[in-house]
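Model, not experiment: these values are computed from the prediction. Convention: sequence-line order gives letters A, B, ...; per-chain numbering from 1.
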Amino acid sequence: MPIITLPDGTELTYDAPVTALDVAGDIGARLAQQALGCKVDGVLSDLSTELAGDCSLSIVTPNNREGEPDPDALYLLRHSCAHVMAEAIQRVFEGVELVYGPPVDQGFYYDMAVPADRPVSSEDFEAIEKEMAAIIKEDRPFCRYEVAGAEGIGKLEDEGNKYKLDNAQRALEADSEASLSFYATGEPGKNWEDLCRGPHVPSTGRIGGFKVMSVASSYWHGDETSDNLTRIYGVAFYKKKELNRHLARLEEARKRDHRVIGRNMRLFHIDETVGQGLILWTPRGSVIRQELQDFIGEELRKQGYSQVFTPHIGKLDLYRTSGHFPYYRDSQYPPIIEPDALSALAEEGCSCSELANRLESGELNGYLLKPMNCPHHIKIFDSEPRSYKDLPVRLAEFGTVYRWEQSGEISGMTRVRGFTQDDAHLFCTEEQVAEEIMGCLSIVKTIFTTLGMEDYRVRVGLRDVDSTKYTGDASNWDKAEEACRAAASALDVPFSEEPGEAAFYGPKIDFVVKDVIGREWQLGTVQVDYNLPERFDLSYIGSDNKPHRPVMIHRAPFGSMERFVGVLIEHFAGSFPAWLSPEQVRVLPISEKSNDYAGEVHSALLGAGVRATLDESDERIQAKIKVGAEEKVPYLLIVGPRDAEKREVSVRARGIQDNLGAMPLDEFVEKMAQESSDRGATSVRSFFES
RNA sequence: GCCGCUGUAGCUCAGUCGGUAGAGCGCUUCCUUGGUAAGGAAGAGGUUCACGGGUUCGAUUCCCGUCAGCGGCUCCA
């Protein structure tokens with residue numbers, strides 16, 4: 001006698017087991033018709049799931065109350081579409097073995113092993129889509145059937161697909177009592193089927209809009225030494241219209257892409273003759289970076305940080321001590337060897353592998369482009385005796401570091417080989433750790449708030465309790481983890497605790513944002529470190545007149561200037577607030593006759609430290625406005641004879657169709673300078689709006 | 001690094017089934033002196049189609065390699 005509780009609290013009582021579809025039908029015929037799946041006690045399930053006992057049930061329909069696609073519905077739909085795609089691909093291609101095909105954030109993919117002589121390329125998408133359309137048109141039901149573990153294994157062994165067999169074995173390892181489920185697209189034994197946990201939508205016909213998006217490679221189990229697989233991405237929606245909207249959104253997002261805007265607005269340049277992943281900051285982009293650095297510099301001074309400068313390279317031994325070399329050797333530019341040593345090696349005919357050995361063993365020294373700033377900062381800390389009264393010592397530097405990222409991984413400003421961290425290292429006592437973390441986070445919060453970046457995620461990386469890979473003693477770890485947790489809570493934004501995500505030397509707090517394509521990037525980070533003070537044998541004299549080991553905190557609220565500005569370009573879609581804009585004001589004389597007055601306006605602005613330009617081209621004012629608006633200049637000042645006579649300027653603000661009206665020149669200059677110096681808290685346009 | 005795709009003027013892109021290349025925007029000059037989202041005209045610009053080989057009478061086009069970009073994978077201090 002199952003009692004089924006609906007989301008609104010209604011209880012339905014049945015004499016015998018029913019399916020979720022039956023229940024949906026009892027609620028309403030239309031609901032049953034629309035239903036794609038259900039949630040039984042919160043677990044997403046097939047609509048055909050039999051409900052034998054008491055449970056809570058909600059029916060999953062394509063759209064939520066707001067009319068937006070329901071995430072659970074999309075999950076079901078996309079998972080189902082992955083099956084449809086896999087079947088289609090197996091029809092188009094001979095000898096394709098399926099591996100794994102889950103739904104993901106932006107759609108779904110299917111990993112498969114394809115014969116080496118017939119790779120899948122984007123030219124095949126049309127044929128695949130055609131087959132998919134046929135399968136969808138047939139509107140075949142997704143039929144689940146279960147077999148006992150051993151029987152399922154036997155069946156998969158007969159079929160001879162090692163990947164699916166492996167999937168099944170893994171499932172049974174997790175729960176040896178479990179049965180294995182298969183989904184046939186149609187009639188089991190007759191139609192195409194796949195080992196699959198489910199759940200799925202009732203039938204293929206529910207997929208209204210779909211598209212094969214891209215092809216990529218992946219590794220089996222994500223292991224690069226394992227088989228190379230072909231991954232095909234697709235996306236599916238309940239309605240064709242939703243698919244089109246999705247595709248249009250992707251198109252829009254591409255316009256916000258920092259690589260596109262960066263080139264159009266001349267913010268940075270990457271030149272292959274300089275090197276892959278090496279950013280050249282152009283004058284306009286440099287303005288943005290400098291403003292941000294000034295901003296953060298002020299915050300640091302408020303918090304008692306000391307500015308330092310250190311060189312871009314250091315001796316190899318330094319990084320042997322820190323552990324960066326050879327532990328991270330594969331992700332560094334190779335060492336620089338001293339000229340004399342190099343000639344000597346050449347003379348004795350030293351081989352490359354011998355060279356590598358000697359570098360590794362320490363027999364041969366050299367220099368390394370610094371992969372991190374901490375060793376240099378540590379040496380500054382250690383350059384004089386420290387008393388507990390000196391702590392915390394906070395050393396800050398916009399320090400440029402170099403890392404040998406894999407070539408395929410490099411992308412715009414977000415993944416580069418040379419970048420400048422807004423780095424700082426705090427050396428403090430055990431007792432000071434919690435407060436210092438708090439201070440670090442408050443800077444991050446200030447920055448994000450000022451820039452209006454509300455959409456970020458906080459990750460607290462904790463140690464894996466079982467693991468032995470961590471340095472430092474357990475009680476310190478406990479304290480540091482608790483401090484991170486407390487600091488993150490105090491931030492007042494959602495955060496997730498992620499065991500096993502700590503660095504080996506201490507727990508950390510990361511700030512993660514998404515780019516326009518939906519990829520996540522880590523920006524700021526705060527990390528507690530017990531390891532480096534140990535390795536460098538750092539100490540301070542405590543109140544007991546005995547040496548003590550300080551704790552280090554690494555922190556970089558922006559992460560790197562390159563990545564941060566890249567993300568910022570997308571955040572603002574190029575429309576930077578006036579204080580960050582490379583060009584804050586453009587003066588547009590109506591005609592040549594007003595050039596003299598326009599020149600005066602221009603000089604007055606420059607004199608007040610405003611970044612202003614003057615458009616003396618002989619275009620008409622309409623054209624000048626159009627161009628100024630397109631180039632996203634925050635303020636356009638139109639000046640003609642009328643304005644000159646009254647010593648006024650006619651103001652146009654970015655994003656507002658109409659002009660705001662006239663304002664005395666002196667007043668505009670003053671307000672503009674104000675808006676710039678207080679980072680947008682006041683604005684010229686608000687003056688007109690009030 | 002791996003898989004797939006791409007590389008033609010400063011930018012966006014067309015084109016050549018192998019016979020030495022085009023548009024729009026931008027740029028320069030001239031006309032226009034115009035009050036709020038593009039007035040008009042002329043011209044320059046490709047060491048010849050990323051680079052290096054190969055096939056061919058002939059390659060920007062076909063093949064191979066290299067470099068770079070894009071989408072993923074992997075990695076990420």
*Between A:His258 and A:Arg263, do the side chains contain an N or O donor and an N or O acceptor separated by less than 3.5 Å?*
no
*Identified pairing partner of B:U60, criterion: Watson-Crick or G-U wobble below 3.5 Å*: none
*Would you call A:Arg170 and A:Asp166 a salt bridge, using N to O less than 4.0 angstrom?*
yes
*For residues 557-566 of chain A, pull every pair meeting side-chain hydrogen bond (donor to acceptor under 3.5 Å, both in side chains), keeping only residues two or more places apart or in separate chains.*
A:Trp281-A:Glu562
*Closest nucleotide of RNA chain B for A:Ala623 versus for A:Val120: which of these residues is on the 5' side?*
A:Val120
*Where along nucleotides 64-71 of chain B does protein come under 4.0 Å, by heavy atom, of base (B) or sugar-phosphate alone (S), with - for untouched nucleotides?*
---SSSSB
_Only pairs with both distances under 3.5 Å count, Watson-Crick or wobble alike; so what is the partner of B:C30 in this structure?_
B:G40
*So what's B:U55 paired with, Watson-Crick or G-U wobble, going by both distances under 3.5 Å?*
none
_B:C64 versus B:G22 - spacing of their P atoms, nearest Å_ = 30 Å
*Judged by modelled atom types alone, do A:Thr310 and A:Lys370 share a side-chain donor-acceptor pair under 3.5 Å?*
yes
*Could you tell me whether A:Glu619 and A:Lys624 have a side-chain N and a carboxylate O separated by less than 4.0 Å?*
no
*Any-strand Watson-Crick or G-U partner of B:C67, both distances under 3.5 Å*: B:G7
*Mind checking who B:C73 pairs with, Watson-Crick or G-U wobble, both distances under 3.5 Å?*
B:G1
*Using a strict cut-off of less than 4.0 Å between a Lys/Arg side-chain nitrogen and an Asp/Glu carboxylate oxygen, indicate whether A:Glu501 and A:Arg463 qualify as a salt bridge.*
no
*What distance, rounded to whole Å, do you find between the two C1' atoms, one in B:C51 and one in B:A59?*
15 Å
*Check RNA chain B against residues 629-637 of chain A and give the residues with a non-hydrogen atom under 4.0 Å, in numerical order.*
A:Ala629, A:Glu630
*How far, in whole Å, is B:U28 from B:G10 if one measures between their P atoms?*
15 Å
*Send over the distance from A:Ile232 CD1 to B:C73 P, rounded to a whole Å.*
15 Å
*With both distances under 3.5 angstrom, what nucleotide forms a Watson-Crick or G-U wobble pair with B:C13?*
B:G22
_Residues A:His269 and A:Asp271: side-chain donor-acceptor under 3.5 angstrom_ = yes
*Starting at the 5' end of RNA chain B and moving along, which residue's nearest nucleotide shows up first, A:Ser218 or A:His324?*
A:Ser218
*With the threshold set at 4.0 Å, does a side-chain nitrogen-carboxylate oxygen contact exist between A:Asp227 and A:Lys162?*
yes
*A:Arg519: salt bridge (charged side-chain N to carboxylate O under 4.0 Å, His left out) partners, not counting sequence neighbours*: A:Asp515
*Rounded to the Å, how far apart are A:His221 NE2 and B:C2 P?*
22 Å
*Quick one: is the NZ or CZ of A:Arg78 closer than 6.0 Å to the six-membered ring centre of A:Phe237, and within 45° of its axis?*
yes
*Spacing of the P atoms in B:U33 and B:G40 (rounded, Å)*: 15 Å
*asked:* Protein within reach of the bases, or only the backbone? For nucleotides 24-35 of chain B, mark each nucleotide 5' to 3' as B, S or -, using heavy atoms under 4.0 Å.
replied: -------BBBBB
*Sort and list the pairs that fulfil salt bridge (charged side-chain N to carboxylate O under 4.0 Å, His left out) and have at least one residue in residues 627-640 of chain A, not counting sequence neighbours.*
A:Arg586-A:Glu631, A:Lys626-A:Glu630
*Per the atom types in the model, does the base of B:A37 pair as donor or acceptor with the side chain of A:Lys626 at under 3.5 Å?*
no
*Answer yes if the side chains of A:Ser650 and A:Asn659 hold a donor-acceptor pair under 3.5 Å, and no otherwise.*
no
*asked:* Please pick, from B:C3, B:A37, B:C75, the nucleotide with the shortest atom-to-atom distance to any side-chain atom of A:Asn228.
replied: B:C3
*Separation between the P atoms of B:C57 and B:U47, rounded to whole Å*: 29 Å
*Rounded to whole angstrom units, what separation is found between the CG atom of A:Asp615 and the P atom of B:U36?*
16 Å
*With heavy atoms under 4.0 Å as the rule, sort A:Val401 into base, sugar-phosphate or nothing.*
nothing
*Gap between atoms OH and P, on A:Tyr219 and B:C3 respectively (whole Å)*: 8 Å
*Using atom P of each nucleotide, how far apart are B:A42 and B:U56 to the nearest Å?*
48 Å
*Using purine N1 to pyrimidine N3 plus N6-O4 or O6-N4 for Watson-Crick, or N1-O2 and O6-N3 for G-U wobble, each under 3.5 Å, what pairs with B:G35?*
none
_Using the ring centroid of each side chain, check whether A:Phe325 and A:Tyr319 are separated by less than 6.0 Å._
no
_Rounded distance in Å between the P positions of B:G58 and B:C67_ = 29 Å
*Is it true that A:Arg320 and A:Asp317 have a side-chain N and a carboxylate O under 4.0 angstrom from each other?*
yes
*Decide yes or no, distance alone: a donor-acceptor N/O pair under 3.5 angstrom between the base of B:C3 and the side-chain of A:Arg231.*
no
_Taking the P atom in each of B:A50 and B:U60, what is the distance between them to the nearest angstrom?_
9 Å
*Rounded to the nearest Å, what distance is computed from the CE atom of residue A:Met372 to the P atom of nucleotide B:C76?*
14 Å
*Interatomic distance, A:Arg586 CZ vs B:U36 C1' [rounded to whole Å]*: 15 Å
_Separation of B:C73 P from A:Asp111 CG (nearest whole Å)_ = 10 Å
*Which nucleotide, B:C75, B:A37, B:C11, lies nearest any side-chain atom of A:Arg652?*
B:A37
